[in-house]
Amino acid sequence: GYYGNEYPVVMVPASYWSAGSDTFNEWLEESDQSLRMVCEWPTQGFNKLQIEEARQALQILAERVLAIVIPIHSDITESEYAIYKELAATHPLCFDVSAEQRSKLLPWLEEHFAKDDYSICWRADVNYKQDLDFGSVAVTRISGEFSPKELRVLIETMIAASNPQRHMVL
């Protein structure tokens, strides 16, 4: 409730999916209708229970889900691909691709998701600021410490890539 009343968009980590339907319904009741959520999908190698919990949560949160962030750290299996395509039918996807997999996976994602609303998470690396240029939702994920000057550059880079039809999420 607190985050939902203080921020227009919040991130729901994958670890929250086991909380259950009562918790998700409570979030909806405690927050304003305008609150949107960027939901993190379970990491690769997930089990069937994690997938079912995440699917149930997405059904409850429904129209409040702005996008789904999908962490990618290795090759995408056929079963993962099928699930991601299913998710892409109802929500924008934002793939959080590891630096090691970037050059291999970006062409694959472009080929397999070209007709879907997807983007790549930007990790605040100016060498890859083009990641902010596509998809209806651009997610920037940062970790570690940033100086005020570095944060300013990051936010200015996000603003430069924004437009009225896209959501920019930090």
Side-chain angles (χ1 to χ4, degrees), residues 9-17 36-59 61-146 150-170:
V9 178
V10 296
M11 173 72 123
V12 180
S15 60
Y16 280 58
W17 297 137
R36 295 295 174 255
M37 299 173 199
V38 173
C39 299
E40 184 178 46
W41 192 252
T43 57
Q44 288 181 288
F46 41 70
N47 63 48
K48 289 182 181 183
L49 176 61
Q50 289 172 308
I51 295 299
E52 190 53 38
E53 289 171 341
R55 279 186 172 140
Q56 288 175 3
L58 289 174
Q59 286 178 341
L61 299 175
E63 73 277 353
R64 299 274 198 103
V65 176
L66 180 62
I68 301 170
V69 171
I70 300 177
I72 304 291
H73 303 290
S74 62
D75 290 343
I76 297 172
T77 66
E78 285 299 316
S79 62
E80 291 168 338
Y81 172 65
I83 291 168
Y84 302 157
K85 284 301 277 188
E86 176 188 319
L87 294 171
T90 56
H91 297 91
L93 303 181
C94 186
F95 291 95
D96 189 1
V97 179
S98 69
E100 298 80 30
Q101 292 287 66
R102 184 181 176 76
S103 63
K104 181 180 182 180
L105 281 176
L106 265 51
W108 187 91
L109 290 170
E110 186 174 313
E111 177 185 341
H112 289 82
F113 290 89
K115 295 181 180 176
D116 299 303
D117 184 3
Y118 84 98
S119 61
I120 305 299
C121 284
W122 184 50
R123 291 295 186 144
D125 182 339
V126 292
N127 296 316
Y128 298 112
K129 66 182 178 182
Q130 71 273 16
D131 291 348
L132 291 169
D133 292 337
F134 63 100
S136 66
V137 179
V139 176
T140 299
R141 295 189 87 171
I142 61 171
S143 59
E145 293 186 26
F146 286 78
E150 291 169 322
L151 283 173
R152 181 180 178 143
V153 169
L154 181 144
I155 291 169
E156 287 174 347
T157 302
M158 290 176 64
I159 290 169
S162 69
N163 69 53
Q165 289 76 39
R166 300 178 70 232
H167 296 275
M168 304 297 278
V169 180
L170 173 61

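Quantities reported herein were computed from a predicted structural model and do not represent experimental measurements.
Partners of Trp17 under the ring pair (Phe, Tyr, Trp, His ring centres under 6.0 Å) rule, at least two apart in sequence or in another chain, are Phe24. The salt bridge (charged side-chain N to carboxylate O under 4.0 Å, His left out) search around Glu111 returns none, not counting sequence neighbours. The side-chain contact (heavy atoms from CB on, under 4.5 Å) search around Asn47 returns Leu49, Gln50, not counting sequence neighbours.
Identified under the salt bridge (Lys or Arg N to Asp or Glu O under 4.0 Å) test for residues 77-96, with sequence neighbours left out: Arg55-Glu86, Lys85-Asp116, Asp96-Arg123, Asp96-Arg141. The salt bridge (Lys or Arg N to Asp or Glu O under 4.0 Å) analysis of residues 160-170, with sequence neighbours excluded, yields no pairs.
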Notebook entry, point to check: Should Arg102 and Asp131 be marked as a salt bridge (charged side-chain N to carboxylate O under 4.0 Å, His left out) after you check the CA-CA gap, both sets of side-chain angles, and the distance that decides it?
Noted result: CA-CA 11 Å; Arg102 184 181 176 76; Asp131 291 348; 2.8 Å; yes
Notebook entry, point to check: Is there a side-chain contact (heavy atoms from CB on, under 4.5 Å) between Val9 and His167 once you walk through the steps?
Noted result: CA-CA 10 Å; Val9 178; His167 296 275; 5.7 Å; no
Next item on the list: Please test Lys48 against Glu52 for salt bridge (charged side-chain N to carboxylate O under 4.0 Å, His left out), starting from the C-alpha separation and ending with a verdict.
Entry: CA-CA 6 Å; Lys48 289 182 181 183; Glu52 190 53 38; over 6 Å; no
Notebook entry, point to check: Would Val12 and Arg64 satisfy side-chain contact (heavy atoms from CB on, under 4.5 Å), going step by step from the backbone distance to the final call?
Noted result: CA-CA 12 Å; Val12 180; Arg64 299 274 198 103; over 6 Å; no
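From Ile142, atom CD1 reaches atom CG of Leu154 across 5.5 Å, with rounding to the nearest 0.5 Å. In this structure, Asp133 CG and Tyr128 OH are separated by 15.0 Å, a value rounded to the nearest 0.5 Å. Here Leu93 contributes atom CG and Tyr84 contributes atom OH; the two are 9.5 Å apart, rounded to the nearest 0.5 Å. Note that the CE atom of Met11 and the CG atom of Leu170 stand 10.5 Å from one another [nearest 0.5 Å]. The distance from the CD atom of Glu145 to the CG atom of Leu151 is 10.5 Å, given to the nearest 0.5 Å.
More than 12 heavy atoms of other residues, nucleotides or ligands lie within 6.0 Å of CD in Glu150, so this atom counts as buried by the packing criterion. Counting heavy-atom neighbours within 6.0 Å of Gln130 CD, excluding the residue itself, gives a total above 12.
Using a 4.5 Å heavy-atom threshold, the side chains of Cys94 and Val38 count as separate. When side chains are defined from C-beta on, Val97 counts as touching Leu109, because their heavy atoms get closer than 4.5 Å. Counting heavy atoms from C-beta outward, Thr157 and Thr140 have side chains that stay 4.5 Å or more apart. The shortest distance between side-chain heavy atoms of Phe95 and Leu106 does not fall below 4.5 Å. The closest side-chain heavy-atom distance from Phe146 to Val153 is not below 4.5 Å.
Nearest heavy-atom pair, Trp41 versus Ala54, reported as atom, atom and distance to 0.1 Å: CZ3-CB, 3.5 Å. Leu132 approaches Met168 most closely through the heavy-atom pair CD2-CE, 3.9 Å.
Between the side chain of Glu40 and the main chain of Pro13, no donor-acceptor pair closer than 3.5 Å is present.
Tyr118 and Phe113 have tilted rings, their planes meeting at an angle from 30° to 60° on a 0 to 90° scale.
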Contacts under 3.5 angstrom, residues 66-76 side chains, donor-acceptor by atom type, not counting sequence neighbours:
unit_1	atom_1	unit_2	atom_2	d
Ser74	OG	Gln44	OE1	3.4
Asp75	OD1	Lys104	NZ	2.9
Asp75	OD2	Lys104	NZ	3.0

